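Basis for what follows: all heavy atoms, side chains included, without hydrogens, waters or symmetry-related copies. Quick caveat, the model's predicted, so the values are computed rather than measured.
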Amino acid sequence: MANVRLKNLTKTFGSVVAVDNVSLDIPDGKVTVLLGPSGCGKTTLLLMLAGIYQPTHGEVYFDDVMVNGIPPKLRNVGLVFQSYALYPHMTVFDNIAFPLRLQKVPKDEIRDRVHAITKVVQISDLLKRKPGQMSGGQQQRVALARALVKNPDLLLLDEPLSNLDARLRIETRVEIKRIQQEFGITTVLVTHDQVEAVTMADNVAVLKKGVLQQYSPPEELLLKPDNIFVASFMGDPPMNLLDTELVVRDDRAFFKCGSELEIPVPPEAREAVLSRTGKGLVIGIRPENMSLKEEEGDYAIRGKVFMVELLGRDKLVDFRFGEVALRVLVPADLPVNTGEELWIHPHQSRIHLFDKENSETIPIAV
């Protein structure tokens, strides 16, 4: 297994900077996810780990060995592509055995290792089939078995579930996590799907335009985002992010959002918040971090329901305050009707504040 370290890693293609000065420590035996929208540099980063791309600047270390310039075949990595990249004319057995034959592994050992790995990924009954005779989920397992049969130090997965339907995607990500834990192999997974990242990762690196935005355990990305991009990218439905200014009236402070919405500032946060008076601010609160009640509270907001959207076991209640929308996630069985007036109760400890100019989080103690 391997501890992987990226030091000031940069990759350019002409004038395009695909990866911009990224430094990461990827721990041994854990799943690290590279997450971000299309074009953020996550696959480029993965291919530099594999040795398929060479960095323009910076260094890649496996344990304490710098691997810049070492070709892919000598890095002992297993790579699973989005397309699976199986040989259509070969059987499952031959597809999985292919990298071992390139390494001149004896035939008896090849047979034993292929049978052992196919038991782990649960495709022992498919060894005589060809890729065209299998489902997408089965092909994905073959590609995973081919990557693992080499006993790699590092497993690299590039959007491995994106070609599967929603139900199979759930089942397969559970299987991949089970297999990873069984082998204890250091794994790097590329995805644009935040649910996939949160459910599979020990640590998540969020990227935007090649720049690392935050590297944290999944729960920290949701509870303690470092900036507006991470706050907006993580969470479904997304966080309410509202331009705001501070107003003080009758010895109480409020976040004033637009012309009609005022969110009370909790007393514990007043000192930190008031020091920002006159500066551009953005307030953030996730839809699930508010509740709806018929009675007023100390920090409640009176609002009129604009629209209700059913989302399975939950529903999203849309309130409008002039030009500002505030969305609240509630259980599907909570009776809420369009046009009804209710009290919105923000959970004070879940309010986020950001500097509008640099988008960074402003710590507020509540």
Side-chain angles (χ1 to χ4, degrees), residues 1-6 26-32 43-55 59-134 138-160 175-176 178-190:
M1 308 310 164
N3 288 294
V4 178
R5 182 162 55 94
L6 314 182
I26 298 171
D28 181 19
K30 303 294 184 180
V31 177
T32 296
T43 295
T44 301
L45 203 54
L46 189 88
L47 295 177
M48 284 192 282
L49 287 172
I52 295 171
Y53 288 165
Q54 291 300 315
E59 299 154 2
V60 180
Y61 293 89
F62 288 5
D63 293 324
D64 294 323
V65 178
M66 190 175 75
V67 296
N68 294 42
I70 296 178
K73 65 181 181 180
L74 299 179
R75 292 196 183 193
N76 195 29
V77 300
L79 183 57
V80 178
F81 294 99
Q82 177 180 349
S83 63
Y84 313 137
L86 301 177
Y87 298 106
H89 63 287
M90 291 185 182
T91 64
V92 167
F93 182 95
D94 290 333
N95 264 284
I96 297 171
F98 186 77
L100 299 180
R101 288 173 176 152
L102 289 180
Q103 295 174 354
K104 310 294 186 184
V105 174
K107 286 185 178 181
D108 289 348
E109 184 179 345
I110 289 176
R111 183 193 64 240
D112 292 344
R113 286 168 66 173
V114 170
H115 282 289
I117 197 64
T118 53
K119 286 181 181 178
V120 173
V121 300
Q122 300 174 2
I123 53 170
S124 297
D125 57 335
L126 303 178
L127 289 176
K128 294 182 179 180
R129 293 192 191 182
K130 294 183 177 180
Q133 300 170 317
M134 296 183 294
Q138 290 170 330
Q139 291 184 53
Q140 194 274 341
R141 288 171 184 250
V142 175
L144 185 60
R146 183 178 60 187
L148 290 170
V149 77
K150 300 188 297 179
N151 297 323
D153 293 321
L154 179 64
L155 178 64
L156 305 175
L157 307 173
D158 185 12
E159 300 270 12
E175 279 301 299
I176 289 177
R178 176 187 66 80
I179 293 165
Q180 184 274 330
Q181 290 176 338
E182 185 171 326
F183 278 80
I185 187 171
T186 307
T187 301
V188 178
L189 166 70
V190 162

Can L6 and L45 be said to form a side chain to side chain contact (heavy atoms under 4.5 Å, CB included), step by step? CA-CA 10 Å; L6 314 182; L45 203 54; 4.0 Å; yes
Applying side chain to side chain contact (heavy atoms under 4.5 Å, CB included), run through I52 and L79 and close with a yes or a no. CA-CA 11 Å; I52 295 171; L79 183 57; 3.7 Å; yes
Would you check, one step at a time, whether the test side chain to side chain contact (heavy atoms under 4.5 Å, CB included) holds for I185 with L148? CA-CA 9 Å; I185 187 171; L148 290 170; 4.3 Å; yes
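Side-chain contact between R113 and V105 is present, with at least one heavy-atom pair separated by less than 4.5 Å. Side-chain contact between E182 and V120 is present, with heavy atoms from C-beta onward closer than 4.5 Å.
Listed by chain and residue number, nothing satisfies the ring-ring contact (aromatic ring centres under 6.0 Å, His included) test with F81 (two or more places apart in sequence, or in another chain). Residues that satisfy the side chain to side chain contact (heavy atoms under 4.5 Å, CB included) test with T43, not counting sequence neighbours, are L47, D158, V190. Partners of E159 by side-chain hydrogen bond (donor to acceptor under 3.5 Å, both in side chains), not counting sequence neighbours, listed by chain and number: H192.
Judged by distance alone, the side chain of N3 and the main-chain N or O of D63 form no donor-acceptor pair under 3.5 Å. Within the 3.5 Å criterion, the main-chain N or O of N68 finds no donor-acceptor partner in the side chain of Q54. T186 places a side-chain N or O within 3.5 Å of a backbone atom of G29 that can act as its donor or acceptor partner. Checked by atom type and distance alone, the side chain of R5 never pairs as donor or acceptor with a backbone atom of Y61 at under 3.5 Å.
Expressed to the nearest 0.5 Å, how far CG of L155 lies from OG1 of T187 amounts to 4.5 Å. To the nearest 0.5 angstrom, R178 atom CZ is 5.0 Å from Q122 atom CD. Atom CE of M90 is separated from atom CD1 of I96 by 12.0 Å, given to the nearest 0.5 angstrom. Atoms CD and CD, from Q180 and E175 in turn, are 13.0 Å apart once rounded to the nearest 0.5 Å. Y53 OH to L46 CG: the interatomic distance, rounded to the nearest 0.5 Å, is 11.0 Å.
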For a quick test of your reading: what N or O donor-acceptor pairs under 3.5 Å do the side chains of residues 123-131 make, sequence neighbours left out?
unit_1	atom_1	unit_2	atom_2	d
S124	OG	K119	N	3.4

For residues 71-78, which side-chain N or O atoms pair as donor and acceptor with protein atoms under 3.5 Å away, sequence neighbours left out?
unit_1	atom_1	unit_2	atom_2	d
R75	NE	I70	O	2.8
R75	NH1	M48	O	2.9
R75	NH1	L49	O	3.0
R75	NH2	V67	O	2.8
R75	NH2	I70	O	3.2
N76	ND2	N151	O	3.3
N76	ND2	D153	OD2	3.2

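Annotation: salt bridge (charged side-chain N to carboxylate O under 4.0 Å, His left out) contacts involving residues 77-97, sequence neighbours excluded, comprise D94-R101.
Pairing each heavy atom of R146 with each of N95, the nearest pair is CD-O, 3.1 Å. The heavy-atom pair separating K150 from L100 by the smallest distance is CA-CD2, 4.3 Å. Residues V121 and R141 share a closest heavy-atom pair of O-NH1, 2.8 Å. Residue I117 comes nearest to V149 through the heavy atom pair CG2-CG2, 4.0 Å, listed as atom of the first residue, atom of the second, then distance. Between P55 and V60 the shortest heavy-atom distance is CG-CG2, 4.4 Å.
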